[in-house]
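Comments concern the structure below.
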Amino acid sequence: MTNEKIADAFDLIADLLEFQGANSFRVRAYRNSARTLRDYSGSLAELAQQGVAALKEIEGIGDDLAAKIIAMVETGKLAMLDELRSQVPESVLALLRIPGVGPKKAAALYKELGVKSLEELKSACEQGKVRELKGFAAKTEQLILQGLTIAAAGNERMLWYDADKVVQALLAHMRPCQAIDKLEVAGSYRRGKDSIGDLDLLVISRDVAGVMDHFAKFPPLQDVIARGDTKMSIRLDSNLQVDLRVVGEESFGAALQYFTGSKEHNVKLRSLAKERGLKINEYGVYRVEADGSETLVAGSTEAEVYATVDLPCFPPESREGRWEYEAARHQPFPALVELADIVCDLHMHTTATDGNNSIDEMATAARARGMQYIAITDHSQRVSVARGLTPDRVLAEWKKIDAWNAANDDEFVILKGIECDILEAGGMDLPDDVLAQGDFIIGSVHFGQKQSRAEITERILFALEHPHVHMIAHPTGRLINRREPYEVDITAVIAAAKKHKKLLEINANPQRLDLNEVLAAQAREAGVMLSINTDAHHTGGMDVMRCGILQARRAGATKADIANTLSLAKFKKLVLKK
Ligand code: DGT
Ligand code: CA
Ligand code: CA
Ligand code: ZN
């Protein structure tokens with residue numbers, strides 16, 4: 001029983017309770033605990049064996065949840081979930097997962113229109129019945145139709161962060177296998193792409209059958225798709241496909257290079273090699289002789305493969321055929337930003353709004369992660385579902401932060417921040433005289449995301465020009481697999497950020513990763529300083545910083561491009577301008 005499965009069960013309970021119209025606090029309690037469990041770094045199954053008290057050590061887990069976790073670990077089942085499922089038609093469950101629907105809307109569709117399958121939902125949308133329901137609009141109907149298309153394609157890519165959990169489990173499973181001399185994960189996972197289609201494993205072994213037998217025993221296995229002499233593919237119960245290839249020691253570097261990709265990167269590499277009379281494939285680099293014969297010149301390491309074309313061993317994150325070959329003209333290759341360079345986190349929430357932890361808990365956790373300072377940035381009043389802060393409450397929170405700083409040493413500092421909504425009608429959600437009293441002000445678009453490109457662009461430009469605003473968070477609003485970015489003239493946004501010396505965020509939340517790597521590269525090239533932040537809603541949420549780092553590296557960002565690498569003194573001078 002994985003943490004993921006346990007968390008999924010609690011999420012499903014929350015969905016089903018919400019579908020049934022249960023008390024929203026109860027729904028939220030299950031959703032929050034699902035989030036905590038999903039991000040828990042140890043093994044819940046192991047913890048469960050130590051009993052209720054051990055589980056209760058986890059923040060937010062009480063007797064009731066602990067007992068449920070133990071039941072799941074011991075029996076693989078959860079009585080409450082089975083009970084809830086029996087009350088909701090199986091076909092309705094599919095409705096909950098359609099982007100744009102969710103439990104509340106699914107309940108309305110079911111009760112008001114009798115919709116209980118995806119087909120019925122589609123025809124209700126097409127007949128324009130959905131827009132007539134209370135709380136629905138023509139746009140909602142459009143969104144649901146789009147969501148149905150995504151669901152029908154059934155080929156959602158897995159978030160890198162989720163794939164990483166699979167990879168860690170897979171590595172732990174493969175490590176004890178005696179038949180393996182070396183193992184690497186290649187493909188888009190190694191490149192740190194925000195979402196991945198499948199996993200690509202490379203192995204050196206003298207006992208292929210031994211490796212494949214062991215591979216087939218990975219517990220989440222659903223079925224073996226194919227097994228050949230050197231290649232095997234399996235499907236996991238998460239539907240993720242994993243390809244395993246066994247290669248010779250002398251070609252390992254060439255294979256790793258080839259299967260890391262990307263395809264675009266490799267195409268370019270092969271053409272550069274060809275200009276030099278070389279041929280590169282997954283087995284090695286060959287010199288093509290005058291008589292047409294081929295001599296192997298490299299293959300055991302990636303560095304050796306690239307060196308034949310006088311290229312650096314590109315960091316995997318750079319290998320998209322976008323900017324890396326151009327960057328390689330200037331030696332040495334840019335030193336891309338690393339997790340160890342990060343000294344602050346400038347976007348996070350607390351119990352004052354929709355977070356799970358207090359100011360002190362967030363500060364302590366950030367400090368334990370090596371941060372030197374943070375900004376606490378709860379939501380502003382417009383975000384009423386998250387109990388966004390009114391002027392009085394913001395000022396009260398900032399007073400608390402002043403007190404915290406006064407009571408603690410100067411080695412760690414909390415900046416007084418706010419994630420202030422940029423209102424639908426334009427303008428900031430809090431008065432200027434309030435914003436002026438904070439240290440770090442974020443502007444965010446949460447509402448009115450369906451507005452025209454001109455309207456949304458204008459709202460963001462207003463915030464960038466605003467004297468008190470320092471950063472725009474998640475500048476395009478996309479949610480991977482769930483929501484397309486809103487319409488915005490990002491070139492104008494980048495130009496304004498440059499002009500007014502404001503930060504643009506790379507939000508590190510694995511579902512956001514916004515700016516994405518392409519837009520972040522565009523901002524970096526325009527001379528805009530970027531900021532990588534976790535947007536943590538609980539202490540465990542700070543673990544996603546590395547996802548943001550991967551995207552920043554994919555954007556070609558060095559330490560100098562990232563505001564979170566600045567000492568507090570420099571940050572105050574350059575960003576806060578005080
Ligand atoms: P994914 O799985 O869709 O997230 O993306 P990748 O990049 O992992 O792609 P995948 O799994 O199809 O193949 C892994 C790598 O193998 C890919 O990045 C480059 C290499 N590769 C696969 N097929 C081809 C091909 O037809 N031509 C070239 N040049 N390279 C290929
Ligand atoms: Ca792949
Ligand atoms: Ca593959
Ligand atoms: Zn936020």
Side-chain angles (χ1 to χ4, degrees), residues 155-160 162-164 166-167 184-202 225-226 231-235 240-245 247 254-271 273-274 279-282 314 316-317 319-321 345-350 352-355 362 374-380 382-383 385-386 388-389 417-422 429 440-446 471-475 477 479-481 505 507-509 511-512 514 531 533-538 541-542 544 548 554:
N155 54 0
E156 260 189 14
R157 294 168 63 84
M158 188 180 265
L159 298 182
W160 184 91
D162 294 334
D164 182 53
V166 178
V167 167
E184 289 274 0
V185 186
S188 51
Y189 170 79
R190 183 164 179 244
R191 301 199 309 280
K193 200 171 152 94
D194 53 20
S195 66
I196 65 129
D198 68 5
L199 287 176
D200 305 278
L201 262 57
L202 292 178
I225 300 168
K231 188 187 164 188
M232 178 165 164
S233 293
I234 62 172
R235 185 171 304 285
L240 183 71
Q241 179 173 331
V242 188
D243 298 339
L244 175 126
R245 289 180 181 84
V247 302
L256 185 57
Q257 194 291 315
Y258 182 90
F259 290 109
T260 295
S262 66
K263 200 168 159 184
E264 292 72 18
H265 174 86
N266 289 355
V267 166
K268 181 96 202 221
L269 178 66
R270 281 200 299 267
S271 84
K274 207 168 168 193
K279 194 179 118 183
I280 298 185
N281 59 28
E282 63 265 53
F314 291 101
E317 299 92 334
R319 302 183 195 173
E320 295 292 344
D345 189 348
L346 300 166
H347 183 169
M348 64 181 70
H349 300 265
T350 72
T353 58
D354 57 350
M362 294 305 268
I374 56 172
I376 296 282
T377 56
D378 272 309
H379 286 292
S380 62
R382 175 67 183 85
V383 192
V385 287
L389 302 179
I418 182 83
E419 180 177 13
C420 184
D421 261 61
I422 306 170
D429 188 25
F440 186 69
I441 311 298
I442 301 178
S444 285
V445 169
H446 289 118
M471 182 181 89
I472 302 296
H474 38 72
L479 292 176
I480 300 170
N481 288 338
E505 185 176 60
N507 190 292
N509 181 308
Q511 203 171 28
R512 288 193 179 272
D514 179 10
S531 177
N533 304 302
T534 64
D535 201 353
H537 283 68
H538 61 134
M542 293 177 192
V544 303
R554 287 170 61 75

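Only heavy atoms go into these numbers, but all of them, side chains included; no hydrogens, no water, no symmetry mates. One-based numbering, in listed order, for ligands and for the atoms of each.
- Any protein N/O/S atom under 3.0 Å from the Ca ion (ligand 3) was counted, giving 4 altogether.
- Distance check: E320 CD to E264 CD gives 7.0 Å after rounding to the nearest 0.5 Å.
- In terms of modelled atom types and a separation under 3.5 Å, the side chain of D429 and the main chain of R382 share a donor-acceptor contact.
- Going from atom CG of L389 over to atom OG1 of T350 covers 7.5 Å, rounded to the nearest 0.5 Å.
- Residues satisfying the salt bridge (Lys or Arg N to Asp or Glu O under 4.0 Å) test with K268, not counting sequence neighbours, are none.
- Between S262 and G321, the closest heavy-atom pair is OG-N, 4.4 Å.
- To the nearest 0.5 Å, atoms CG (N507) and CG (N533) are separated by 7.5 Å.
- R191 CZ to S188 OG: the interatomic distance, rounded to the nearest 0.5 Å, is 5.5 Å.
- Q511 and N481 form no side-chain donor-acceptor contact under 3.5 Å, judged by distance and modelled atom types alone.
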| task | Under the side chain to side chain contact (heavy atoms under 4.5 Å, CB included) rule, what do L244 and I234 come out as? Steps first, then yes or no, please. | result | CA-CA 8 Å; L244 175 126; I234 62 172; over 6 Å; no
Between ligand 1 and the protein, which N/O pairs fall short of 3.5 Å?
| residue | atom | partner | partner atom | Å |
| --- | --- | --- | --- | --- |
| ligand 1 | 2 (O) | D198 | N | 3.2 |
| ligand 1 | 2 (O) | D198 | OD1 | 3.0 |
| ligand 1 | 3 (O) | R157 | NH1 | 3.1 |
| ligand 1 | 4 (O) | R157 | NH2 | 2.8 |
| ligand 1 | 4 (O) | S188 | OG | 2.5 |
| ligand 1 | 4 (O) | G197 | N | 2.7 |
| ligand 1 | 7 (O) | R191 | NH1 | 2.9 |
| ligand 1 | 7 (O) | R191 | NH2 | 3.2 |
| ligand 1 | 8 (O) | S188 | N | 2.9 |
| ligand 1 | 8 (O) | S188 | OG | 3.4 |
| ligand 1 | 8 (O) | D200 | OD2 | 3.3 |
| ligand 1 | 11 (O) | D198 | OD1 | 2.9 |
| ligand 1 | 11 (O) | D200 | OD1 | 3.3 |
| ligand 1 | 11 (O) | D200 | OD2 | 3.1 |
| ligand 1 | 18 (O) | R191 | NH1 | 3.3 |
| ligand 1 | 29 (N) | R270 | NH1 | 3.3 |
| ligand 1 | 29 (N) | R270 | NH2 | 3.0 |

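- Distance check, rounded to the nearest 0.5 Å: CE of M362 to NE2 of H538 gives 8.0 Å.
- Taking 2.8 Å as the limit, the number of protein N, O or S atoms around the Zn ion (ligand 4) is 4.
- Within the model, atoms CD1 of I472 and CD1 of I422 stand 4.0 Å from one another, a figure rounded to the nearest 0.5 Å.
- No donor-acceptor contact under 3.5 angstrom links the side chains of Y189 and D198, judged on distance only.
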| said: Before you tell me yes or no, could you show the steps for H349 and D535 under side chain to side chain contact (heavy atoms under 4.5 Å, CB included), namely the whole-Å CA-CA distance, both residues' side-chain angles and the distance that decides it to 0.1 Å? | reply: CA-CA 7 Å; H349 300 265; D535 201 353; 3.0 Å; yes
